[in-house]
Novice: 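Pasting a structure here, questions to come.
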Amino acid sequence: MRDSPARHLALQGASNFRDLGGYPTSDGRTTRWRHIFRSNHLGQLTAADVEIVRALGVRSAFDFRGIEERATGVCVVSEITVHSLPIEPSVVAALRAELARGTLTAPVALELMRESYRNYVRHHTHSFRKLFGHLLEDRAPLVIHCTAGKDRTGFASALILHALGVPDDVIAEDYLLTNQHYKRDATAATDLPEDVRNAIGSVEASYLAAAFEAVGSEYGDLESYLRDGLKLGPAERTALREHYLQA
């Protein structure tokens with residue numbers, strides 16, 4: 001049996017660049033390797049990293065960063081067309097407000113993270129809908145990213161895997177791989193306490209669960225969200241599976 005490709009690509013300038021291939025689906029197929037990647041931002045890739053990404057054939061990036069974030073880390077791979085799907089970050093500002101009030105604790109930080117995931121569904125479903133519109137155009141190989149590649153990208157990746165029929169437990173495992181691979185920026189948010197920085201610098205199962213709780217409360221269930229929120233009807237689901245699954 002042929003060895004599977006590496007899931008995590010150890011780039012020097014991006015610590016969380018991973019392949020969504022090789023995951024089993026409910027209909028007995030697997031997600032295609034080297035079609036959809038997820039990553040932290042591509043603004044600090046080294047020359048060697050750029051050659052690796054070029055060799056993968058990546059031509060499209062779908063970037064969930066806000067306006068200021070994008071300006072401070074522009075993609076350095078000239079061949080990649082970047083499609084902006086902005087979801088402005090809100091957690092650090094909310095944490096600083098709590099800090100100013102003297103009410104900031106690690107549990108507060110965890111709940112603010114969960115609330116930000118609920119807001120992906122409540123306020124930003126249009127950005128995820130646009131992502132799926134691009135995915136249906138079959139632009140692979142492609143990469144989906146934000147700044148850290150863990151929250152906005154993590155929810156987007158979970159939605160993609162759900163739409164492709166990957167089981168919940170496998171999706172949760174992929175989501176939590178960030179904690180193995182992502183290297184936090186030691187210079188970021190140094191005004192916040194260390195336990196709070198730990199809370200926002202990693203992922204927890206409860207974060208992703210909060211997003212899917214919001215799916216349930218806003219849309220009834222995940223299938224309704226895929227259909228009504230993301231506009232993935234039977235024809236679109238079939239097309240996605242044809243593009244991104246193999247026997």
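Both backbone and side-chain heavy atoms feed into the values below; hydrogens, waters and symmetry mates do not. The first residue in the sequence is number 1, and the count goes up from there.
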Novice: Below 30° counts as parallel, above 60° as perpendicular, anything between as tilted: where do the rings of Tyr225 and Tyr219 land?
Specialist: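 Answer is perpendicular, since the angle exceeds 60°.
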Novice: Let me see the working for Arg227 and Glu236 under salt bridge (charged side-chain N to carboxylate O under 4.0 Å, His left out), right down to the final yes or no.
Specialist: CA-CA 9 Å; Arg227 183 188 68 235; Glu236 289 80 12; over 6 Å; no
Novice: So, do Phe64 and Thr147 sit near enough that their side-chain heavy atoms are less than 4.5 Å apart?
Specialist: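 Phe64 vs Thr147: side chains apart.
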Novice: Output yes when Glu194 and Arg184 qualify as a salt bridge under the 4.0 Å nitrogen-oxygen rule, no when they do not.
Specialist: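 Counted as a salt bridge, because a side-chain N and a carboxylate O are separated by less than 4.0 Å.
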Novice: Is there a side-chain contact between Leu161 and Val170 (heavy atoms, below 4.5 Å)?
Specialist: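 No, every pair of side-chain atoms sits at 4.5 Å or beyond.
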Novice: Are side-chain heavy atoms of Asp221 and Val215 found at a separation under 4.5 Å?
Specialist: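 No. Closest side-chain heavy atoms not under 4.5 Å.
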Novice: Run Glu223 and Arg237 through salt bridge (charged side-chain N to carboxylate O under 4.0 Å, His left out) and show every step you take.
Specialist: CA-CA 11 Å; Glu223 286 300 313; Arg237 295 284 290 276; 3.1 Å; yes
Novice: Tell me whether Arg96 contacts the main-chain N or O of Asp191 through its side chain, where contact means a donor paired with an acceptor under 3.5 Å.
Specialist: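 Pair absent, no side-chain N/O of Arg96 close to backbone of Asp191.
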Novice: Side chains of Ser15 and Asn40, heavy atoms from C-beta outward: is any pair under 4.5 Å?
Specialist: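 Yes, close enough: below the 4.5 Å cut-off.
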Novice: Establish, yes or no, whether the cationic atom of Arg18 lies under 6.0 Å from the six-membered ring centre of Tyr182 and within 45° of the ring axis.
Specialist: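 Verdict for Tyr182: no cation-pi partner in Arg18.
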Novice: Taking all heavy atoms of Ile80 and all of Val58, pick out the closest pair and write down the distance.
Specialist: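 So the two residues come closest at CG1-O, 3.5 Å.
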Novice: So which heavy atom on Thr153 is nearest to which on Ser39, and how close?
Specialist: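 Where Thr153 meets Ser39 most closely, the heavy atoms are OG1-O, 4.1 Å.
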Novice: Using the benzene-type ring in the case of Trp, are the ring centres of His181 and His8 under 6.0 Å apart?
Specialist: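 So the answer is yes for these two rings.
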Novice: For Gly220, does its backbone N or O pair with a side-chain atom of Ser224 as donor and acceptor, under 3.5 Å?
Specialist: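 Not at all, since once roles are kept as given, no pair shorter than 3.5 Å links the two residues.
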Novice: Check whether any side-chain N or O of Asp19 sits under 3.5 Å from a backbone N or O of Arg34 as a donor-acceptor pair, and report yes or no.
Specialist: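 Yes, the answer is positive, given that a donor and an acceptor are paired below the 3.5 Å cut-off.
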Novice: May I have the step-by-step check of side-chain contact (heavy atoms from CB on, under 4.5 Å) for Asp27 and Arg241, ending in yes or no?
Specialist: CA-CA 10 Å; Asp27 62 359; Arg241 293 181 183 204; 3.9 Å; yes
Novice: Mind checking the CZ-OG spacing from Arg114 to Ser206? Nearest 0.5 Å is all I need.
Specialist: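 So the gap between those two atoms works out to 4.0 Å.
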Novice: State, to 0.1 Å, how close Gly229 and Thr125 come at their nearest heavy-atom pair, and which atoms those are.
Specialist: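 Here Gly229 and Thr125 meet closest at O-CG2, 3.4 Å.
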Novice: Hey, could you give me the CG/CG distance between Leu142 and Leu135, rounded to the nearest 0.5 Å?
Specialist: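 These two atoms lie 6.0 Å from each other.
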Novice: Considering only heavy atoms from C-beta outward, does the side chain of Phe62 approach that of Thr81 to under 4.5 Å?
Specialist: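 No, their side chains stay 4.5 Å or more apart.
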Novice: Identify the two heavy atoms, one from Leu176 and one from Ala205, that lie closest to each other, and give their separation to 0.1 Å.
Specialist: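 Shortest heavy-atom contact: CD2-N, 3.9 Å.
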Novice: Under a 4.0 Å N-O cut-off, is there an ion pair linking Glu79 with Arg54?
Specialist: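 Between Arg54 and Glu79 there is a salt bridge, with a charged N closer than 4.0 Å to a carboxylate O.
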Novice: Does Leu222 share a hydrophobic cluster with Leu208, counting links as ILVMFWY side-chain heavy atoms below 4.5 Å and allowing steps through other members?
Specialist: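 Yes; tracing contacts between hydrophobic side chains, which count when under 4.5 Å, links both residues.
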Novice: CG/Leu42 to CG/Asp49 distance, rounded to the nearest 0.5 angstrom?
Specialist: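 So the gap between those two atoms works out to 9.5 Å.
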Novice: Indicate yes or no for a side-chain donor-acceptor contact from His162 to the backbone of Ile160 under 3.5 Å, with no hydrogens or angles considered.
Specialist: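 Flag not set: sc His162 to bb Ile160 has no pair under 3.5 Å.
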Novice: Less than 4.5 Å apart, side chain to side chain, heavy atoms only: is that true for Val82 and Arg70?
Specialist: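 A side-chain contact under 4.5 Å is absent here.
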Novice: Keeping the roles fixed (side chain from Glu69, backbone from Gly66), state whether a donor-acceptor pair exists under 3.5 Å.
Specialist: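 Answer holds: yes.
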Novice: So, are Glu88 and Arg152 salt-bridged, with charged N and O less than 4.0 Å apart?
Specialist: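 No salt bridge links Glu88 with Arg152.
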Novice: Less than 4.5 Å apart, side chain to side chain, heavy atoms only: is that true for Phe37 and Val53?
Specialist: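 No, their side chains stay 4.5 Å or more apart.
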Novice: Classify the angle between the aromatic ring planes of His134 and His83 as parallel (below 30°), tilted (30 to 60°) or perpendicular (above 60°).
Specialist: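 His134 and His83: tilted rings.
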Novice: Do any N or O atoms from the side chain of Lys150 and from the backbone of Ile200 form a donor-acceptor pair under 3.5 angstrom?
Specialist: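 Between the backbone of Ile200 and the side chain of Lys150 there is a qualifying donor-acceptor contact (under 3.5 Å).
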Novice: Give the minimum heavy-atom separation between Tyr23 and Leu177, together with the two atoms involved.
Specialist: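 Looking at all heavy atoms of both residues, the shortest contact is OH-CD1, 4.0 Å.
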Novice: Hey, any chance Tyr244 and Val143 share a hydrophobic cluster, counting ILVMFWY side chains that come within less than 4.5 Å of each other, even indirectly?
Specialist: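 Looking at the clustering, Val143 is in a separate group from Tyr244.
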Novice: Name the one of Tyr117, Phe212, Tyr175 that satisfies ring pair (Phe, Tyr, Trp, His ring centres under 6.0 Å) with Phe155?
Specialist: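 Going through Tyr117, Phe212, Tyr175 one by one, the ring pair (Phe, Tyr, Trp, His ring centres under 6.0 Å) with Phe155 is satisfied by Phe212 alone.
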Novice: To the nearest 0.5 angstrom, please state how far the CG atom of Leu9 sits from the CG atom of Leu11.
Specialist: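 Output value for this atom pair is 5.5 Å.
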Novice: Using every non-hydrogen atom in the two residues, find where Lys130 and Leu85 come nearest and quote the distance to one decimal.
Specialist: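 Taking Lys130 first and Leu85 second, the nearest heavy atoms are CB-CD2, 3.6 Å.
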Novice: Got Thr103 and Val108 here, is their nearest side-chain heavy-atom distance under 4.5 Å?
Specialist: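 No - every pair of side-chain heavy atoms lies 4.5 Å or more apart.
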Novice: Does the side chain of Ser84 come under 3.5 Å of the side chain of Asp63 through a donor N or O and an acceptor N or O?
Specialist: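 Note: Ser84 and Asp63 side chains miss the donor-acceptor criterion.
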Novice: Calculate, to the nearest 0.5 Å, the distance between atoms CG and CZ belonging to Leu95 and Arg197 respectively.
Specialist: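 One gets 12.0 Å once the value is rounded to the nearest 0.5 Å.
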Novice: Report the distance from atom OG1 of Thr31 to atom CD1 of Ile36, rounding to the nearest 0.5 Å.
Specialist: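 Thr31 OG1 to Ile36 CD1: 8.0 Å, rounded to 0.5 Å.
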Novice: What's the verdict on salt bridge (charged side-chain N to carboxylate O under 4.0 Å, His left out) for Glu242 and Arg32, showing C-alpha distance, side-chain angles and the deciding distance?
Specialist: CA-CA 10 Å; Glu242 289 304 308; Arg32 290 185 191 275; over 6 Å; no
Novice: Working note: Arg38 + Asp174, criterion salt bridge (charged side-chain N to carboxylate O under 4.0 Å, His left out); need CA distance, chi angles, decisive distance, verdict.
Specialist: CA-CA 10 Å; Arg38 52 171 295 178; Asp174 178 80; 3.0 Å; yes
Novice: Do any N or O atoms from the side chain of Asn119 and from the backbone of Ser116 form a donor-acceptor pair under 3.5 angstrom?
Specialist: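 No; zero donor-acceptor contacts below 3.5 Å.
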